[in-house]
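Reviewing the structure listed below.
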Number of protein chains: 2
Amino acid sequence: MNSVQYICGIVKGEWFIMKNKALQEQRIRGYFIEATKEILKSEGLKSVSVRNIAEKAGYSFATLYNYFKDAKDLVFLCVQDFQTECTEHVTARSAKAARGEKKLRAILLAYLEYFVQYPGIFELFYVEKLSDLNKQPATAPLITGFLDKLCEEEWKYLITGKTVSTAMAANKKAALLYGLSGLLLLYINRQMPAGYPAFLKAATTFIDGQLKDMNA
Amino acid sequence: MNSVQYICGIVKGEWFIMKNKALQEQRIRGYFIEATKEILKSEGLKSVSVRNIAEKAGYSFATLYNYFKDAKDLVFLCVQDFQTECTEHVTARSAKAARGEKKLRAILLAYLEYFVQYPGIFELFYVEKLSDLNKQPATAPLITGFLDKLCEEEWKYLITGKTVSTAMAANKKAALLYGLSGLLLLYINRQMPAGYPAFLKAATTFIDGQLKDMNA
DNA sequence: AAATATACTGAACACTGTTCAAATTTTGAA
DNA sequence: TTCAAAATTTGAACAGTGTTCAGTATATTT
């Protein structure tokens with residue numbers, strides 16, 4: 001017919017067909033992702049297996065390999081979804097707080113709250129080893145930059161308001177990321193401190209300690 | 001012969017036999033532990049399997065279950081040994097530092113150094129889930145209290161020297177534990193920061209930031 | 001309708017942990 | 001030293017993993 005189609009190797013209405021194919025493919029990928037998310041939130045990472053996911057998705061375990069490199073690949077595709085969910089939780093829980101340090105504090109506590117509620121998601125974010133394919137793309141930066149993104153606005157507010165210097169903010173950002181990661185790691189994996197009240201006390205003490213002398 | 005033996009239900013030279021039995025048993029346990037330690041330090045936690053350990057120990061995999069509840073149990077028995085090894089490394093590396101903050105800094109950096117060198121041991125200490133039997137005894141406290149023990153002397157020195165208050169020391173201790181745990185977790189599991197030099201810079205910045213304003 | 005292309009599936013293989021009955025070794029009394 | 005009893009060691013067996021691949025079934029095009 002026309003040259004353009006021949007150049008692309010496409011004839012007649014194949015463009016629509018290609019589009020449908022991609023759509024259907026995305027749908028099936030979605031079934032697997034949804035199944036994985038369900039398992040992660042309920043039974044946790046330990047129950048994630050190729051056969052488990054496939055059964056929940058309504059396919060054979062072998063079909064999973066037609067859409068994903070392996071189960072780990074699939075698991076890390078859930079990260080974005082959980083991040084938006086966590087972000088929603090954090091914004092809701094920190095909405096009422098006054099801008100600045102107060103809000104920052106609320107954000108950080110809500111962040112901890114989310115992962116305490118879903119330890120499996122903390123595992124996925126910080127503990128589970130990335131597969132070789134997931135090492136390549138921006139999965140790791142996506143995860144490590146998540147807390148920064150949650151706090152971004154507030155740090156901007158504090159910096160532009162001259163409440164804190166850019167350098168100090170960078171240091172505190174890092175310290176809070178390391179501290180909260182360790183706090184969650186020790187609480188979730190080593191029961192330290194023992195019990196949620198003690199954990200909350202340790203968390204607030206740490207956060208307040210970090211946010212205290214920022215105007216230096 | 002004498003009543004003591006009869007009271008214990010022991011006759012003739014059975015005491016020595018019992019002792020021999022215990023000795024032999026401990027020896028075999030030692031073979032398994034040594035094999036596990038070797039695997040942990042070389043191939044890492046992922047290569048630890050019942051069959052792997054048993055082969056290195058020179059026994060059948062089934063024999064392992066005659067001496068340990070399971071492989072996890074065995075793995076956590078290596079914790080003490082690695083702690084003493086780490087302690088030796090830390091004391092050696094911090095020997096030359098002047099007492100007080102300087103030495104504390106050296107200890108913390110040597111602590112990080114050790115786990116960066118043996119990521120599998122970090123996994124074992126902070127990431128690997130404790131089995132039900134290991135939840136009972138003081139394995140978790142042993143791990144979480146390890147850094148405290150390493151720094152104990154120096155904190156005492158700073159407190160008695162009135163350089164820092166007891167309350168402040170407690171806060172800083174906790175902050176350092178959380179921060180270093182998170183730092184190692186992110187570096188080992190998420191390649192963040194990327195590269196050892198960047199990690200070292202992040203570590204020193206964090207540690208110095210924590211040790212800076214202690215006299216408050 | 002037939003041929004072709006695509007998608008799906010279960011068998012098979014190599015691992016994992018764990019149990020248990022059988023085989024082996026050690027032991028101690030005769 | 002011999003031999004039966006006790007203790008220890010062992011591999012087969014089972015239920016799980018992940019992964020591959022040839023064959024089946026479905027869908028599409030001719």
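In the text below, chain A, chain B and the rest are named by the order of the sequence lines, each starting its count at 1. What you see below is based on every heavy atom in this structure, not just the backbone, and it leaves out hydrogens, waters and symmetry mates.
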Distance, rounded to the nearest Å, where [X] contributes [atom1] and [N] contributes [atom2]:
{"X": "A:I28", "N": "D:dT26", "atom1": "CD1", "atom2": "C1'", "answer": "12 Å"}
{"X": "B:N52", "N": "C:dC15", "atom1": "CG", "atom2": "C1'", "answer": "11 Å"}
{"X": "B:F61", "N": "D:dT10", "atom1": "CZ", "atom2": "P", "answer": "10 Å"}
{"X": "A:N66", "N": "D:dT20", "atom1": "CG", "atom2": "P", "answer": "11 Å"}
{"X": "B:L45", "N": "C:dT16", "atom1": "CG", "atom2": "C1'", "answer": "14 Å"}
{"X": "A:R27", "N": "C:dA7", "atom1": "CZ", "atom2": "C1'", "answer": "16 Å"}
{"X": "A:E55", "N": "C:dT9", "atom1": "CD", "atom2": "C1'", "answer": "15 Å"}
{"X": "B:Y59", "N": "D:dG11", "atom1": "OH", "atom2": "C1'", "answer": "17 Å"}

Which heavy-atom pair separates A:A35 from A:K56 by the least distance, and what is that distance?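 A:A35 and A:K56 have their closest heavy atoms at CB-CB, 3.7 Å.
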So [X] and [Y], would you call those rings parallel, tilted or perpendicular, with 30° and 60° as cut-offs?
{"X": "B:F115", "Y": "B:Y111", "answer": "perpendicular"}
{"X": "B:Y187", "Y": "B:F199", "answer": "parallel"}
{"X": "A:Y59", "Y": "A:Y31", "answer": "parallel"}

Without hydrogens or angle criteria, can the side chains of B:R29 and B:Q26 be said to hold a donor-acceptor pair below 3.5 Å?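 Result is yes, a qualifying pair exists.
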I'd like to know if A:R51 reaches the base of D:dG16 with its side chain such that a donor and an acceptor end up less than 3.5 angstrom apart.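 No, the side chain and the base share no sub-3.5 Å donor-acceptor pair.
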If you check the [X] side chain, which of [options] turns out closest?
{"X": "B:S49", "options": "C:dG17, D:dG18, D:dA7", "result": "C:dG17"}
{"X": "A:Y65", "options": "C:dT19, D:dG18, D:dT9", "result": "D:dG18"}
{"X": "A:T63", "options": "D:dT9, C:dT18, C:dC8", "result": "C:dC8"}

I want to check one thing: is the phosphate of D:dT9, taken as OP1 and OP2, less than 4.0 Å away from some side-chain N or O of B:Y67?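 For B:Y67, the contact criterion (side-chain N or O under 4.0 Å from OP1 or OP2 of D:dT9) is met.
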With a 4.0 Å limit, can you tell me whether B:S60 has a side-chain N or O closer than that to the phosphate oxygens OP1/OP2 of D:dT9?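 Checking D:dT9 against B:S60, no side-chain N or O comes under 4.0 Å of OP1 or OP2.
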Which value, rounded to the nearest 0.5 Å, describes the distance between B:L150 atom CG and B:H89 atom NE2?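 Going from the CG atom of B:L150 to the NE2 atom of B:H89 covers 11.5 Å.
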Which part of the nucleic acid, if any, lies within reach of A:L64 when heavy atoms closer than 4.0 Å are counted: base, sugar-phosphate only, or nothing?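 Answer is nothing: A:L64 stays at 4.0 Å or more from every strand.
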Sub-6.0 Å ring centroid separation between B:Y118 and B:F122: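 Between B:Y118 and B:F122, the centre distance exceeds or equals 6.0 Å.
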When the axes are fitted on five pairs at both termini, how much does the helix from C:dA1-D:dT30 to C:dA30-D:dT1 curve, in 10° steps?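 Answer for the end axes of this duplex: 30°.
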